[in-house]
Visitor: 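To start, I am sharing the structure in question, which I have written as structure tokens.
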Number of protein chains: 2
Amino acid sequence: MENELTVVLEQLTRLVRQLATAGELSMSALMLLGRLEREGPQRLTELAVGEGVSQPGMTQLVGRLERDGWVRRTTSTGDRRGVLVEVTPAGRELVGVRRNQRAEALNHLLSTLHPEDQAAIGRALPALTRLIEARTSVTTPRSTTHV
Amino acid sequence: MENELTVVLEQLTRLVRQLATAGELSMSALMLLGRLEREGPQRLTELAVGEGVSQPGMTQLVGRLERDGWVRRTTSTGDRRGVLVEVTPAGRELVGVRRNQRAEALNHLLSTLHPEDQAAIGRALPALTRLIEARTSVTTPRSTTHV
DNA sequence: TATTGTTATACTCTATAACTATA
DNA sequence: TATAGTTATAGAGTATAACAATA
């Protein structure tokens, strides 16, 4: 079943990309904002590990998001080396709007499926959530030799 | 349920990205190769639409993959304007290897779940496949104002 | 004139290496 | 000396606009 799941996940990724990026935020920006909105303010290093990107990469992504007003840097951690990144009200608003748009598009797709299929997907959601939670240390930053 | 599904899909995307790109191919390259391997040779325009990127973007992606020997351009379509892109044996091999690596990693994750959860995911696969097939015309190329 | 693809240009995304500041 | 983050630099990824070749 793993191979079938692999292919399904690959294609779901394409689906998400198409649903998610039909707007003003890239996939990376959207996922970072989504995390900050769900989990609250976090350290830059924490974010880099969580999103599976390098620390400089996260510095730059946060920089672009900050420039555009979606996140804010704070330094109130006691450790004065650290940076705490939090989503701004505007960013929170944007995440909500985008999430609703995706939900609407998904809803439309779901409505074209047979009720049994819809139910099967619904019943798998908790399991999928736990599958996601199972991956904690699979964080291998990509090499630069990518095509 | 759409909103829960939205979040799950968002996180599955992160999972796939981390599993998939821990090697020498980017997400874009991997998904294009995967498509060519599954569906056979295709026209450049067809690929651009299918992957949800612009025609010039696809020209460049194919260019990089061709440079590295994973795909090949052909012109045998009758219409001499057209280009047919096909995966090379080396590319096919690479897709297989990568897919197996991801399957292995997924298998490991799955094995940490309760059997009921594994079963629920297994039962949802056909429905998810149909969900993917339902999105045919959701192809909105991204704007350039992305963060 | 319309379609297929490429070239030119610009910006995001991401990496590694080198650096600064704090612990 | 180790850790948190930034800056410098380079290449992939992607878009729009302008172009060339074919239909």
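Sequence lines set the chain letters: A, B, ... in the order given, protein chains first and strands last, and positions in each chain run from 1.
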Visitor: Can you tell me how far P of C/dT3 sits from CD of B/Glu46, to the nearest Å?
Guide: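 Those two atoms, CD and P, are 16 Å apart.
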Visitor: Whole Å only: how far is the CG atom of A/Leu47 from the C1' atom of D/dA4?
Guide: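 That distance rounds to 13 Å.
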Visitor: Under 4.5 Å between any side-chain heavy atoms of B/Leu32 and B/Val85, yes or no?
Guide: no
Visitor: Taking the nucleotide of DNA chain D with the nearest heavy atom to each, does A/Gln60 or A/Gly82 sit closer to the 5' end?
Guide: A/Gly82
Visitor: Is the backbone of B/Met31 close enough, under 3.5 Å, to the side chain of A/Arg14 for a donor and an acceptor to pair up by distance?
Guide: yes
Visitor: When you measure from the side chain of A/Ser28, which nucleotide among C/dA15, C/dC13, D/dG13 comes out closest?
Guide: C/dC13
Visitor: For the pair B/Glu4 (side chain) and A/Leu125 (backbone), establish whether a donor and an acceptor sit closer than 3.5 Å, ignoring hydrogens and angles.
Guide: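 Not at all, since once roles are kept as given, no pair shorter than 3.5 Å links the two residues.
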Visitor: Output the rounded distance in Å from CZ (A/Arg73) to P (C/dA21).
Guide: 16 Å
Visitor: If a protein heavy atom is under 4.0 Å from the base, mark B; if only from the sugar-phosphate, S; if neither, -; do that for nucleotides 17-23 of chain D going 5' to 3'.
Guide: B---BBS
Visitor: Check the pair B/Thr13, A/Leu12 against side-chain contact (heavy atoms from CB on, under 4.5 Å), reporting the backbone distance first and the verdict last.
Guide: CA-CA 8 Å; B/Thr13 298; A/Leu12 281 177; over 6 Å; no
Visitor: Over how many whole Å does the gap from B/Glu66 atom CD to C/dG5 atom C1' extend?
Guide: 13 Å
Visitor: Can you tell me the distance, in whole Å, between the CE atom of A/Met31 and the C1' atom of C/dT14?
Guide: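 Roughly 13 Å, once rounded to whole Å.
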Visitor: Are any side-chain N or O atoms of A/Gln118 and backbone N or O atoms of A/Leu110, one a donor and one an acceptor, separated by less than 3.5 Å?
Guide: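 Confirmed, A/Gln118 side chain pairs with A/Leu110 backbone.
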Visitor: Would you say D/dA15 has OP1 or OP2 under 4.0 Å from some side-chain N or O of B/Ser54?
Guide: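 Yes, within the criterion.
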Visitor: Quickly work out the A/Leu32 CG to C/dT12 C1' distance and round it to whole Å.
Guide: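 Spelled out: CG on A/Leu32 to C1' on C/dT12 is 14 Å.
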Visitor: Give the residues of residues 36-45 of chain B touching DNA chain C, defined as any heavy atom closer than 4.0 Å, sorted by residue number.
Guide: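 Correct list: B/Arg43, B/Leu44, B/Thr45.
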Visitor: Please pick, from C/dC13, D/dT6, C/dG5, the nucleotide with the shortest atom-to-atom distance to any side-chain atom of A/Val83.
Guide: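 Shortest atom-to-atom distance from the side chain points to D/dT6.
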Visitor: Starting at atom CG of B/Leu61, determine the distance to atom P of C/dT12, rounded to an integer number of angstrom.
Guide: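 About 21 Å, once rounded to whole Å.
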Visitor: Donor-acceptor check, side chain of A/Thr88 to backbone of A/Trp70, threshold 3.5 angstrom: yes or no?
Guide: yes
Visitor: Please state whether the phosphate of C/dT6, meaning OP1 or OP2, lies under 4.0 angstrom from any side-chain nitrogen or oxygen of B/Thr59.
Guide: yes
Visitor: Report the distance from atom CD of B/Glu51 to atom P of D/dA15, rounded to the nearest whole Å.
Guide: 11 Å
Visitor: Looking at the side chain of A/Gln55, which of C/dT12, C/dG5, D/dT6 is the nearest nucleotide?
Guide: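 Nearest nucleotide to the side chain: D/dT6.
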Visitor: Please report the closest heavy-atom contact between B/Val53 and B/Met58, naming both atoms and the distance.
Guide: CG2-CE, 3.6 Å
Visitor: Keeping to residues at least two apart or across chains, list the salt bridge (charged side-chain N to carboxylate O under 4.0 Å, His left out) pairs with something in residues 31-42 of chain A.
Guide: A/Arg35-A/Glu39, A/Arg35-A/Glu51, A/Glu37-A/Arg99, A/Arg38-B/Glu10
Visitor: Taking all heavy atoms of A/Gly69 and all of A/Ala90, pick out the closest pair and write down the distance.
Guide: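 In this case the closest contact between A/Gly69 and A/Ala90 is O-CB, 4.1 Å.
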